[in-house]
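Just so we're on the same page: letters track the sequence lines, and every chain starts at 1.
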Amino acid sequence: MSTATGTSSPPGAQPSREPARKPSTMAQALNRALRDALADDPDVHVFGEDVGTLGGVFRVTDGLAAEFGADRCTDTPLAEAGILGTAVGMAMYGMRPVVEMQFDAFAYPGFEQLVSHISRMRNRTRGALPMPLTVRIPYGGGIGGVEHHSDSSEAYYMATPGLHVVTPATVADAYGLLRKSIASDDPVVFLEPKRLYWGKDDWSPERPAEVPEIGRAVVRRPGSSATLITYGPSLPVCMEAAEAAARDEGLELEVVDLRSLVPFDEDTVVASVRRTGRAVVVHESTGFAGPGAEIAARVTERCFHHLEAPVLRVAGFDIPYPPPMLERHHLPDVDRVLDAVARLQWESEWRSGEESGGLGSLGGGVR
Amino acid sequence: MSTATGTSSPPGAQPSREPARKPSTMAQALNRALRDALADDPDVHVFGEDVGTLGGVFRVTDGLAAEFGADRCTDTPLAEAGILGTAVGMAMYGMRPVVEMQFDAFAYPGFEQLVSHISRMRNRTRGALPMPLTVRIPYGGGIGGVEHHSDSSEAYYMATPGLHVVTPATVADAYGLLRKSIASDDPVVFLEPKRLYWGKDDWSPERPAEVPEIGRAVVRRPGSSATLITYGPSLPVCMEAAEAAARDEGLELEVVDLRSLVPFDEDTVVASVRRTGRAVVVHESTGFAGPGAEIAARVTERCFHHLEAPVLRVAGFDIPYPPPMLERHHLPDVDRVLDAVARLQWESEWRSGEESGGLGSLGGGVR
Amino acid sequence: MTVLEQSGAYHLAPPPAWRPRRDPAPLMPDGEPFRLLGTEAELEGALLRELYGQLVRGRRFNEQATALTKQGRLAVYPSSTGQEAAEVAAALALREQDWLFPSYRDTLAAVARGLDPVAVLSLLRGDWHSGYDPRSTRVAPLSTPLATQLPHAVGLAHAARLKGDDVVALAMVGDGGTSEGDFHEALNFAAVWQAPVVFLVQNNGFAISVPLAKQTAAPSLAHKAVGYGMPGRLVDGNDAAAMHHVLTDAVERARAGEGPCLVEAVTYRLEAHTNADDATRYREAAEVESWREHDPVALMERELRSRGLLDDDGVREAGEAAERMAGDLRERMHQEPELAPMDLFDHVFARRTPQLQGQAEQLRAELAAAEAEHTGTAGGSGSTGHRTDDQGSRK
Amino acid sequence: MTVLEQSGAYHLAPPPAWRPRRDPAPLMPDGEPFRLLGTEAELEGALLRELYGQLVRGRRFNEQATALTKQGRLAVYPSSTGQEAAEVAAALALREQDWLFPSYRDTLAAVARGLDPVAVLSLLRGDWHSGYDPRSTRVAPLSTPLATQLPHAVGLAHAARLKGDDVVALAMVGDGGTSEGDFHEALNFAAVWQAPVVFLVQNNGFAISVPLAKQTAAPSLAHKAVGYGMPGRLVDGNDAAAMHHVLTDAVERARAGEGPCLVEAVTYRLEAHTNADDATRYREAAEVESWREHDPVALMERELRSRGLLDDDGVREAGEAAERMAGDLRERMHQEPELAPMDLFDHVFARRTPQLQGQAEQLRAELAAAEAEHTGTAGGSGSTGHRTDDQGSRK
Ligand SMILES: Cc1ncc(C[n+]2csc(CCOP(=O)(O)OP(=O)(O)O)c2C)c(N)n1
Ligand SMILES: Cc1ncc(C[n+]2csc(CCOP(=O)(O)OP(=O)(O)O)c2C)c(N)n1
Ligand SMILES: [Mg+2]
Ligand SMILES: [Mg+2]
């Protein structure tokens, strides 16, 4: 059963024993969250490119303009800085804008508004002008998108103080986290994993699951051998890898879904890694200076004395996102996760003063 | 003597025994590098806001328009995306543009051009359209600048595959690295530490020191106790901390100046940390998802079996850059570096299976 | 019918039935900047006198603020000397419920609107990024990244309209700022939404060192309005009466639901870009001198005198009032501002994250230790370790 | 005298000596889109016939490419059906040394310029981001981020001018793209630098689902030119002769050093935004139908027939030639493209960094292991560990 405390079923998990729910896609759950937010709070306004009449290119805003009118769900001119900049002004007047960037890479024209204003306006005015706005950004690859349609841009937002960075991996979380994000008095960059948009899960729009406050990770699968730390589009990969490891290797991998990259739920992650002693961070974003860098560094700092092996990272290569026909070579998959797990130095305990580094032989292969 | 192999004297180091050289500022060395590049290669073009008649707000382009004419050193309209976008077109035609963003935060309007085109054009065209352009960005704080004038934005550029990210810390490197950057057939984000612009060093414009290819770190001070990994504006802080540690604590800290964040000189850093067994990364940029995250994660992965303590980070707080009167509270200084060094678990060797983490008590204080 | 439903925007129809579109003629600016001073126009004496008083105050304010940079009391000051007419008119054209969106150069507009000068100067003094409450004063923070405040003004005005509130936003930008993409996007959104916004461009001839001819090839900056489908107005920016007339007109037009407007004030920056700039590097003294003859304060004084509305006593009184304001400002700015380092952590988010909480504790401990050392007591609890004397004093 | 030295840009002078500025009148577009077909204008028969052949080919190309999406041979195709006149005219207006800067919709312009259609379709097929050499073809990569290619065109044209080369750049953008900041900045740079660039806006009525009335309130998109100080021209985009005339004129004007120009082609997107779009959600069939009567191919056929320059045989011949092109394209697109996964690492930088070298080795080892498993041989050297059967096959 999907509950607020984090046992909502990930894609591919066992069906619950609750009264039957209609299967629903993540896109539908997001749509419902927007609808409920618009209905609950007259200050919520949805706008962006094609979000009105069309209902968005992913249909996440489908029907909202019809139900709430063009003043509450508005097609804008084609200008991302303009969208974010006007959202700032609306937030200054006490509204709660929810804007859509059509694709990850098309949020870049608005980068200055995001970094120089949205993230700083509250701080600049000592709290007088909070920015209760949500920037929805479909992100990541795996959908055969041509160039500029598959970026994982979360590292940029994580490195910007003043932004919350949230990303759901399940249908239930999509609803719950988007509601919390819209309700938040701080700006949230809400990253929607494109390739999970159509993933179905049992979920009831009549009794949508709540989630805890933003900033809480969840253990999606308990385990004692090692911890997989992941989020968004890579959760299904990690769940599958954990199944495979249990089946083929007898390893019990614990899978932590971060749900929010900022705030970062250090407690949940650290508790898991201290228990298992080994960890792999898995994400689609490029590895170098990517989200996994912070996670690995932070976890290592907090868990150093518990680690049997260095925290490893499985990430996209350090390259521009590949064209559709080559993207499968780039995306972290079950094999790469299991390869990394295999490199967690199961055979030998660490020995102080050992002469050559265990990973030295991998040379540049370390990602 | 400042040589190509990395013994160029950092600010505050001993004067060399070479024939006397005139003291020169970093701004002057950068100016000289631009002048020599313009003189050597007719395809080099310098442009940006106020770089012509005025010579730049930091006078780095002083005299260039007078010497090379307004077609080689050009004042542009006030539009950073336009500057970067036209630079792309000039590079497509075989030129070698060197553009200036007036301050760190004023590069953000051009973020899309940088990320979606400059970093990817070579890859997009399988090498047919390389982007031999240099984007000069004065960065960092410590100069009493009002909001938006003191950002450390290197994390954004590091996380963008296809960009080189270079930053000098000495007068000699300022010249040498800028020449190499302009000569590079790849796009370089050249980050100039504002607060070192006026730092003087013995340096001869008549015989400017060469540097090795971009991507080579340098050991600025040898030591055996622990390694300080740093770059740009934080190098002087680390040198001072190393002096203090030697004087007061009898610790010999090795100081590595990265000089380029991309490519990252793993070999030099890893060799140092394997030797010393302890490391602190020091930079001004915010800590969370900052440059130090990648450095700490990577070094840990490669040096895990040599580490006596986790790699620590001393960084700016995870806040928007403070106003002038408060910036001293934000910037990493000698004390904070020495505090981190003191936390490198000198007292105890690591014991396998130890129950509670040595850093657990620091809680959220880990940065 | 929604407030977004447009009149005026052109609908595409298939050729050959090309539908008549919005007529561009009424959008076009006049060939010459609009002027009132020195003309036969009927002008309200009380208004002229009020403008004069504000101009004199404004000039004195600019001088005082520049002096404060020399005394180390301001980190930097971008003076609007020579542009006081535009600054003052912008403030006076608004009603109480309206919003002003100033750029970093428009301290004076905020002060003329009645804000506490010390609070307005926070950004430039360096004690915080912004020193007043934008909600209660209806003045947005002085904006440093050029043109970025323009879409904010559009969004705010649009939000107010959606809520049915009677609010107009007036947004200020420089000639250089018109080259930024944000200028374009803001004007376009405003026109499509018919938002009640007035855009005021102060064309003061330069963007730092870059003269207008390197910034644009347009007939005038006001001509840009046509491409958005809003009227463009060209005004003598040193003629406070003309500025007040045109801006008031534009504001009331916007209030009446007739949409946005672009006003170009042709003026001149008499001082350097900021106290840190050296304007002799890029312009001739003769050019500056020629503009001094068109000084907005002097123009108004001449007008009032010629209309018999001002005599030497009046001039002296205005000067004395300005002097009192300046003296008061000087005195208050010489007091050290109260600094609260823990503020650094308190406004990043509504609540500190655990990470920020840890960092705040670290700074608090450092400050306590420094304090303890300073006062000679033994290291305070929470000392974070090694601290040499001279280093300690740096915190 | 530098090439940057301007004529035309207005210099600020102190009021009251307001200097005459650039006259806006010649910059203003006409009230109606310019047309040639169906008028009495003298037209060159050979040109009309060439345009007709290209239009027929172009229409067939669009149909074939759309069919290829249904067969899974293209990841996506944004068709220019209905816009062929503008596409073809853009290609034909250029001389060999000139550069074309197409957007993602302008595959056809590149093909009409003579590029290999298979190479041009790389982006949309998905085997690489761009499939031709821009330097040798003088066609920039199809640009996906809207309006971002416009400053590239300005920079390239400016660079060529600085080098003394005779090169004009023609840059294409949609009506939606005109709202982006990059559009504004590009046009402004071009006008200030007097760069030899022609900006062609294809106003096809929609930006995906958003109609022009929600995009702009301007009298026309061509009116935006005035605000940059360049001429704006409004053309019937479905009239290939008019398009060719106006574009050739603009290109030659730019070549002669008279600066940039903005051309708005009023046209209509007859198909959905791409094959993945459902246009019935946002527009009426009747509107589409009304535009079919103004179809660029049919218009040209009618003109040629009425001028006695085309008969049924000519129509059939043109159709057959187009059919051969389509058949050839279909056949070649049904061959699997050669994929080179290691290309992923080879063009990020001039030389692989050590980190990329390591990653390339990792992928090579994975591919070798997958290959070994696939061919039934024992795991190849360099196997990276655990690999289950079905997982291995996914690489
Ligand atoms: C986005 C951005 N780019 C660059 C700057 C640096 N800068 C500050 S003021 C200025 C010139 C502005 O000129 P203008 O818009 O004419 O205003 P003025 O200073 O004349 O009032 C520049 C380039 C900035 N503040 N923001
Ligand atoms: C910067 C940017 N934002 C958003 C998009 C997504 N997008 C692709 S095409 C399109 C509509 C473009 O409309 P228009 O410019 O009129 O060109 P058309 O498709 O009609 O040819 C949008 C919004 C994009 N490609 N780039
Ligand atoms: Mg100016
Ligand atoms: Mg369109």
Side-chain angles (χ1 to χ4, degrees), chain A residues 81 105-106 108-109 111-112 115-116 119-120 123-124 147-148 151 155-156 158-159 161-162 261-262 264 266 270 274 285-286 288-298 300-307 309-313 317-320 349-352 354 356-360 364 366, chain B residues 81 105 108-109 111-112 115-116 119-120 123-124 147-148 151 155-156 158-159 161-162 261-262 264 266 270 274 285-286 288-298 300-307 309-313 317-320 349-352 354-360 364 366:
Chain A
F106 307 143
Y108 303 151
F111 197 68
E112 183 187 31
V115 172
S116 296
S119 74
R120 301 185 193 183
N123 186 66
R124 178 177 305 148
E147 206 193 344
H148 307 290
D151 282 17
Y156 300 138
M158 288 173 73
L261 297 167
V262 184
F264 180 71
E266 228 163 290
V270 165
R274 287 190 182 175
S285 167
T286 54
F288 191 86
E294 180 60 44
I295 299 166
R298 189 165 290 264
T300 303
E301 205 171 338
R302 296 285 310 277
C303 304
F304 189 69
H305 295 263
H306 303 264
L307 287 174
V311 176
L312 297 182
R313 290 179 276 164
F317 294 122
D318 297 327
I319 60 175
E349 293 281 302
W350 180 82
R351 287 181 309 277
S352 171
E354 198 177 45
S356 87
L359 283 178
V366 172
Chain B
Y108 303 151
F111 197 67
E112 182 187 32
V115 172
S116 296
S119 75
R120 300 184 193 184
N123 186 66
R124 177 177 305 147
E147 205 192 345
H148 306 290
D151 281 18
Y156 300 137
M158 287 174 75
L261 297 166
V262 183
F264 180 70
E266 228 162 290
V270 165
R274 286 190 182 175
S285 167
T286 54
F288 190 85
E294 179 60 44
I295 299 166
R298 190 165 288 264
T300 303
E301 206 172 336
R302 296 284 310 278
C303 305
F304 189 68
H305 295 265
H306 301 264
L307 287 173
V311 176
L312 297 182
R313 290 179 277 164
F317 294 122
D318 297 328
I319 59 175
E349 293 282 302
W350 180 81
R351 286 181 310 276
S352 172
E354 199 178 43
E355 261 311 294
S356 87
L359 284 177
V366 173

(request) Could you check which of A:Ile295, A:Val270, A:Val262, A:Asp151 has the highest count of heavy-atom pairs closer than 4.5 Å to chain B? (result) A:Asp151

(message) Counting heavy-atom pairs closer than 4.5 Å to chain B, which one of A:Ala296, A:Gly162, A:Ser116 comes out on top?
(response) A:Ser116

(request) Identify which part of B:Leu261 has an atom lying under 4.5 Å from any heavy atom of chain A, answering side chain, backbone, both or neither. (result) backbone

(request) Check B:Leu312 against A:Glu301 and note the closest heavy-atom contact, atom names and distance. (result) CD2-OE2, 3.2 Å

(request) Heavy atoms only, distances under 4.5 angstrom: which of A:Pro109, A:Ser119, A:Ala81 has the most pairs with chain B? Name it, please. (result) A:Pro109

(request) Determine the minimum heavy-atom distance between A:Pro161 and B:Pro320, stating which atoms define it. (result) CB-N, 3.9 Å

(request) Specify the closest pair of heavy atoms between A:Arg298 and B:Arg313, including all atoms of both residues, with the distance to one decimal. (result) N-NH2, 3.9 Å

(request) Check A:Phe288 against B:Met158 and note the closest heavy-atom contact, atom names and distance. (result) CD2-O, 3.5 Å

(message) Given heavy-atom pairs under 4.5 angstrom as the criterion, report whether the side chain, backbone, both or neither of B:Thr286 touches chain A.
(response) side chain

(request) Report the C-alpha separation of A:Glu112 and B:Glu112 in whole Å, then their side-chain angles, then the decisive distance to 0.1 Å, and conclude whether the side-chain contact (heavy atoms from CB on, under 4.5 Å) test is met. (result) CA-CA 10 Å; A:Glu112 183 187 31; B:Glu112 182 187 32; over 6 Å; no

(request) Locate the shortest heavy-atom distance separating B:Glu294 from A:Gly290; write the atom from each residue and the value. (result) OE1-N, 4.2 Å

(message) If I measure from the heavy atoms of chain A, does B:Val115 come under 4.5 Å with its side chain, its backbone, both, or neither?
(response) side chain

(message) Ring-plane angle category for A:Phe111 and B:Phe111, please: parallel below 30°, perpendicular beyond 60°, tilted otherwise.
(response) parallel

